[in-house]
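This report refers to the structure that appears directly beneath it.
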Amino acid sequence: MIIAIDGPAGSGKSTVAKLVAKRRGFAFLDTGAMYRTLTLACLRAGVDVGRAGDVIAEARSHTAGFERSTSGDFEPTLDGENVAREIRTPEVDAAVSSVAAIPEVREILVAAQRDFAKGHDVVAEGRDIGTVVFPKAEVKVYLDADPAERARRRAIQAAGGDAATGADPGVSAEAEAEVLAALEARDERDRTREASPLAMAEDATLVDTTNLTLDETVEIVCALADMVALSGDVTREERKERADAKAAAAGRVARAAFPKERDKTPYDETLKPMRPFRNDFDDYYDHAIADYPLPTRLLYELIGWGVFCVTKLAWPWTFEDDDEFFEWLKAQDRGTVVIMNHVSMIEPVVTVTHFWRKGLRLRAIYKAEFNRFTFMHWVFTRIGCIPVSRGTSDLKALRRAQHALERGENILIYPEGTRVRHEGDEVETMGGFALIARMAKTGVTPMAVVGARKDTAKGAPALRRRHSFIKIGEAITFGALGVKGRKAQLEAMEVKAMERMWALRDELRKEHPGEE
Ligand code: DC
């Protein structure tokens, strides 16, 4: 496996990559050290790093490599000589980005980097790892942090301290400002150069380390790696075990990524108001539906009435004994996570519509794959749905759902992950619903439907008029589970909520014999 970590100077790449490599027993590849080693060779030979031809000649006549130290670290070597200290001087700092900007130099070093990874599990860090060196890396992380924070870390490091452990020998504001200026200049050169500029790979996970501790960042990267490792082809027996481990890994990512969330300004106050038209998709995901611009809110009403009339005529539906539930829900200051069995495209539509009729908002979580269909993407966005990329740790989606719940909106999740077209089809339960509820400090409300499944019998009319019946259970709170500890609570919630959901479905089947 290759874990690619990119990011600007001072984002914590080296420290994080080293620790991840140690924890997982992977080799550690510090590609920046290779550019530095070559820069050192140029400085020693008196080569002007502005003269590309001379630098290329140096690159061809020296070898930038690594050796294992007695403590197991990978230390940089120049033609076999250990240069760990010599490459970390202000002179090398100042010259290295000119060296790294030369395409031929990059070609030579990238080939060496790929060689290094042959037959190894590797954590590699640099600027172009996920984009150029290992575009097929299984895990790609882009670490970033506010420039001032990065400069603070570097200044402490230069003064012999360590920001990660809090060992700060006392750095003056002027020293920090000086480091900040040099660091911003280097980032600018690295970002704007022609050859393999510093950039985030499209499929990388952005981790902003400004407010994270070193431990939290390492934990996130390890958990991302765990999730990938757990996603391969598996036998049926392994599936349950792996799904649990995956949910636990997602929990670890969320726990590490949001520990300080509650101390910050309420999320909505940091959002810019939406414009009447031409908003980004993200704006819809991040704002409350009540804050959508007027044209969109009118469209929402229109769709609501349209769906209500059409479905009541063509596919009638009934929510059973739900008055008490809605009375209770309206009195809550945060929303609930609704889970439901999924048998057709009818029940999500009528459930959202029913909540709307009750004056409440229900935001459905749906597979991001649907966004390939432009029209679906457009409509889903306008009615407040939130896409989730499955098979990855979609932190953004988790966070969006959390914020919606905190605002008093409700979230609808289909834990079976996909529509179950036939009775007995095997499904893999998505544990994400418990995690979202837990993050938003709310409960899970089980619901069930019967009757909506399309009649697949041979010769059945495509649009057969069927009646669906939907039942809502009582919300389950984490406190009521009677277990302590985050992991145990998440597991208990998943089990209990699913059990209740199936029990409701069975009650409905009894009440309406013959309906599935
Ligand atoms: O990560 P570092 O500060 O040791 O990197 C030193 C320089 O090398 C940095 O200015 C950018 C360059 N570099 C690069 O261009 N590509 C890489 N993969 C790694 C580093």
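Numbering of ligands and ligand atoms starts at 1, following listing order.
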message = Would D30 count as a polar contact of ligand 1, with the cut-off being nitrogen or oxygen pairs under 3.5 Å?
response = no
message = Around atom CD of E67, are there more than 12 heavy atoms from other residues, nucleotides or ligands closer than 6.0 Å?
response = yes
task = Enumerate the atoms of ligand 1 whose separation from the nearest heavy atom of R186 is less than 4.0 angstrom.
result = 3 (O), 5 (O), 6 (C), 7 (C), 9 (C), 10 (O)
ask   = Numbering the atoms of ligand 1 from 1, which are under 4.0 Å from a heavy atom of D190?
value = 9 (C), 10 (O), 11 (C)
ask   = What do you reckon, does R106 have a nitrogen or oxygen under 3.5 Å from a nitrogen or oxygen of ligand 1?
value = yes
Exam field: side chain E149 to backbone D146, donor-acceptor pair closer than 3.5 Å = no
request  = Using a strict cut-off of 4.0 Å, indicate which atoms of ligand 1 neighbour a heavy atom of K13.
outcome  = 1 (O)
remark   = Tightest non-hydrogen contact, residues A94 and R189, listed as O-NH2, 3.9 Å
inquiry  = Can a donor-acceptor pair be found, under 3.5 Å and without considering hydrogens, that links the side chain of S98 to the backbone of G50?
reply    = no
inquiry  = Restricting to non-hydrogen atoms, name the atom on D283 and the atom on H287 that form the minimum distance, rounded to 0.1 Å.
reply    = O-ND1, 2.8 Å
query = Got the closest protein heavy atom to atom 19 (C) of ligand 1, with its distance?
reply = T31 OG1, 3.3 Å
query = Can you tell which of R193, R127, R191, E125 gets a heavy atom nearest to atom 1 (O) of ligand 1?
reply = R127
message = Show me which atoms of ligand 1 lie under 4.0 Å from any heavy atom of D128.
response = 16 (N), 17 (C), 18 (N)
key: Step-by-step side-chain contact (heavy atoms from CB on, under 4.5 Å) determination, N371 to F281   = CA-CA 11 Å; N371 286 347; F281 286 123; over 6 Å; no
inquiry  = What I want to know is whether R154 and ligand 1 share at least one N or O pair that is separated by under 3.5 angstrom.
reply    = no
key: Q157 vs R88, side-chain contact (heavy atoms from CB on, under 4.5 Å): CA-CA, chis, key distance, verdict   = CA-CA 11 Å; Q157 189 184 28; R88 308 271 166 208; over 6 Å; no
query = Looking at R36, which atoms of ligand 1 are within less than 4.0 Å of one of its heavy atoms?
reply = 2 (P), 3 (O), 4 (O), 6 (C)
message = Under a 3.5 Å cutoff, is there a donor and acceptor pairing between the side chains of R363 and Y285?
response = no
Residue-ligand contact R189/ligand 1, heavy atom below 4.0 Å = no
note = ligand 1 atoms nearer than 4.0 angstrom to some heavy atom of A100 are 12 (C), 15 (O)
request  = Measure across V55 and C42 and return the closest heavy-atom pair with its distance rounded to 0.1 Å.
outcome  = CG1-SG, 3.9 Å
inquiry  = I need the nearest protein heavy-atom contact for atom 20 (C) of ligand 1: residue, atom name and distance, please.
reply    = G32 CA, 3.5 Å
key: Close approach of M34 to ligand 1, heavy atoms, under 4.0 angstrom   = no
ask   = Donor-acceptor pair, R150 side chain versus A9 backbone, under 3.5 Å?
value = yes
Element-labelled atoms of ligand 1 that are located less than 4.0 Å from some non-hydrogen atom of R88 = 4 (O)
